[in-house]
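Just below is one structure, and these are the notes that go with it.
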Amino acid sequence: SYALWDGNAGITHKLDDRNTLALNFYMGRDDLGIGVDDMEEYDMDVVTEWGNILTSLNWKSILSDSIESYVILYHSNSMSRMGMVMDETIENEYISMDAANITSINDFGLKADFDWIPDAVHHMRFGGSYQFHTYDPERYDRMTGFVEDTGFSYDMSEGSRYTGHE
């Protein structure tokens, strides 16, 4: 079986003639399941799920007649789950197993862009950004409810700045 869905929402508010604020949200999810069924001995399903959640707050501001700014604060979460569910009968004994590997990536960021047009001949662009990433894989055994941390979690920060002239 295969299923997918996406949802979007957004709201924009004009604070005044020089400032606009927008809040945006996106969520998507995909599921893929492949099953093998041998009614006498075993029943096995391989399940793969993945999805994203994105949220941003955007602020556009006219700081003066020659300078505009655009600031974005955002969060992103990506998740994937690959698992297997198996029910088996061996010598009249019923065995059930349900295990999955779950991985998530979280990003938090801030970005600011500025346009400065001092006259009809010059157009300066400058700005910067900062992002914090967390990558967290783990193993989850649903039968026992035990979550095993792989001992591996990777955090990373990055920043950038730029200037340009047109």
Side-chain angles (χ1 to χ4, degrees), residues 1-15 20-61 69-114 125 127-162:
S1 66
Y2 185 68
L4 62 109
W5 63 269
D6 297 282
N8 289 295
I11 187 167
T12 302
H13 179 66
K14 190 171 183 177
L15 300 171
T20 303
L21 205 57
L23 179 64
N24 299 297
F25 177 79
Y26 166 81
M27 185 173 187
R29 174 87 181 241
D30 295 344
D31 297 305
L32 172 64
I34 300 169
V36 176
D37 190 9
D38 179 350
M39 296 301 283
E40 292 181 21
E41 292 189 23
Y42 68 92
D43 180 13
M44 180 176 75
D45 293 314
V46 177
V47 179
T48 304
E49 305 167 351
W50 62 97
N52 298 303
I53 298 173
L54 309 167
T55 307
S56 70
L57 180 64
N58 309 320
W59 176 29
K60 182 178 179 182
S61 181
S69 70
Y70 193 67
V71 179
I72 303 172
L73 178 66
Y74 62 91
H75 171 252
S76 166
N77 173 268
S78 299
M79 181 277 305
S80 68
R81 176 185 181 271
M82 297 181 69
M84 180 177 71
V85 178
M86 189 167 96
D87 298 317
E88 185 173 12
T89 303
I90 300 175
E91 298 177 5
N92 294 327
E93 185 177 335
Y94 177 75
I95 300 169
S96 180
M97 182 181 81
D98 185 347
N101 287 317
I102 302 169
T103 301
S104 69
I105 300 171
N106 278 294
D107 293 329
F108 295 92
L110 176 65
K111 182 178 180 192
D113 297 313
F114 297 88
R125 293 178 190 257
S129 66
Y130 173 79
Q131 224 176 21
F132 180 77
H133 309 279
T134 301
Y135 172 66
D136 190 22
E138 61 184 24
R139 181 179 172 276
Y140 180 69
D141 181 348
R142 204 183 291 185
M143 185 176 160
T144 62
F146 176 71
V147 176
E148 178 186 341
D149 188 353
T150 61
F152 176 78
S153 183
Y154 183 71
D155 294 333
M156 183 181 87
S157 294
E158 64 180 297
S160 66
R161 61 185 166 88
Y162 71 92

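Bear in mind the structure is a predicted one, so any value in this text is a computation, not a measurement. The first residue of the sequence shown is numbered 1, and numbering continues consecutively from there.
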Item to check | Matching residue for Arg81 among Val47, Thr103, Thr48 - test: side-chain contact (heavy atoms from CB on, under 4.5 Å) | outcome: Val47
Checklist outcome for this item: Tyr26 meets the side chain to side chain contact (heavy atoms under 4.5 Å, CB included) criterion, sequence neighbours left out, with Asp6, Asn8, Asn52, Leu54
Checklist entry - Distance only, no hydrogens: is a donor on one side chain within 3.5 Å (strictly under) of an acceptor on the other, for Ser157 and Tyr130? => result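 The criterion, which ignores hydrogens and geometry beyond distance, is satisfied for Tyr130 and Ser157.
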Next on the checklist: For the residue pair Thr134 / Asp155, report whether a side-chain donor-acceptor contact shorter than 3.5 Å exists.
Outcome noted: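 Note: Asp155 and Thr134 side chains meet the donor-acceptor criterion.
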Next on the checklist: Tell me whether Met79 at atom CE has more than 12 heavy atoms from other residues, nucleotides or ligands lying less than 6.0 Å away.
Outcome noted: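 More than 12 heavy atoms, drawn from other residues, nucleotides or ligands, come within 6.0 Å of this atom.
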Checklist entry - Is the number of heavy atoms from other residues, nucleotides or ligands within 6.0 Å of OH (Tyr154) greater than 12? => result no
Item to check | Least distance between heavy atoms, Ile72 atom then Ser56 atom | outcome: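 Taking Ile72 first and Ser56 second, the nearest heavy atoms are CG2-CB, 4.3 Å.
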So, taking the atom named [atom1] in [X] and the one named [atom2] in [Y], what distance separates them when rounded to the nearest 0.5 Å?
X      : Y      : atom1 : atom2 : result
Trp5   : Asp31  : CH2   : CG    : 9.5 Å
Arg161 : Ser129 : CZ    : OG    : 11.5 Å
Ile105 : Ser80  : CD1   : OG    : 7.5 Å
His13  : Ile11  : NE2   : CD1   : 9.0 Å

Name every donor-acceptor pair, under 3.5 Å, that has one atom in a side chain of residues 106-114 and the other anywhere in the protein, sequence neighbours excluded.
| residue | atom | partner | partner atom | Å |
| --- | --- | --- | --- | --- |
| Asn106 | OD1 | His75 | NE2 | 3.1 |
| Asn106 | OD1 | Asn77 | ND2 | 2.9 |
| Asp107 | OD1 | His133 | ND1 | 2.5 |
| Asp113 | OD1 | Tyr162 | OH | 2.7 |

Next on the checklist: Does any part of the side chain of Leu23, heavy atoms only, come nearer than 4.5 Å to the side chain of Thr55, both counted from C-beta?
Outcome noted: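 With C-beta onward as the side chain, the pair touches.
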Item to check | Pairwise side-chain contact, Leu21 with Leu57, heavy-atom cut-off 4.5 Å (strictly under) | outcome: yes
Next on the checklist: Could you go through Ile53 and Phe25, starting from their C-alpha distance and side-chain angles, then the distance that decides it, and tell me whether this counts as side chain to side chain contact (heavy atoms under 4.5 Å, CB included)?
Outcome noted: CA-CA 8 Å; Ile53 298 173; Phe25 177 79; 3.7 Å; yes
Checklist outcome for this item: Contacts of Asp45 meeting salt bridge (Lys or Arg N to Asp or Glu O under 4.0 Å) (sequence neighbours excluded), chain-then-number -> none
Item to check | Leu32 vs Trp50, side chain to side chain contact (heavy atoms under 4.5 Å, CB included): CA-CA, chis, key distance, verdict | outcome: CA-CA 9 Å; Leu32 172 64; Trp50 62 97; 4.2 Å; yes
Next on the checklist: Evaluate Asn58 against Tyr70 for side chain to side chain contact (heavy atoms under 4.5 Å, CB included), listing each step before the verdict.
Outcome noted: CA-CA 7 Å; Asn58 309 320; Tyr70 193 67; 3.8 Å; yes
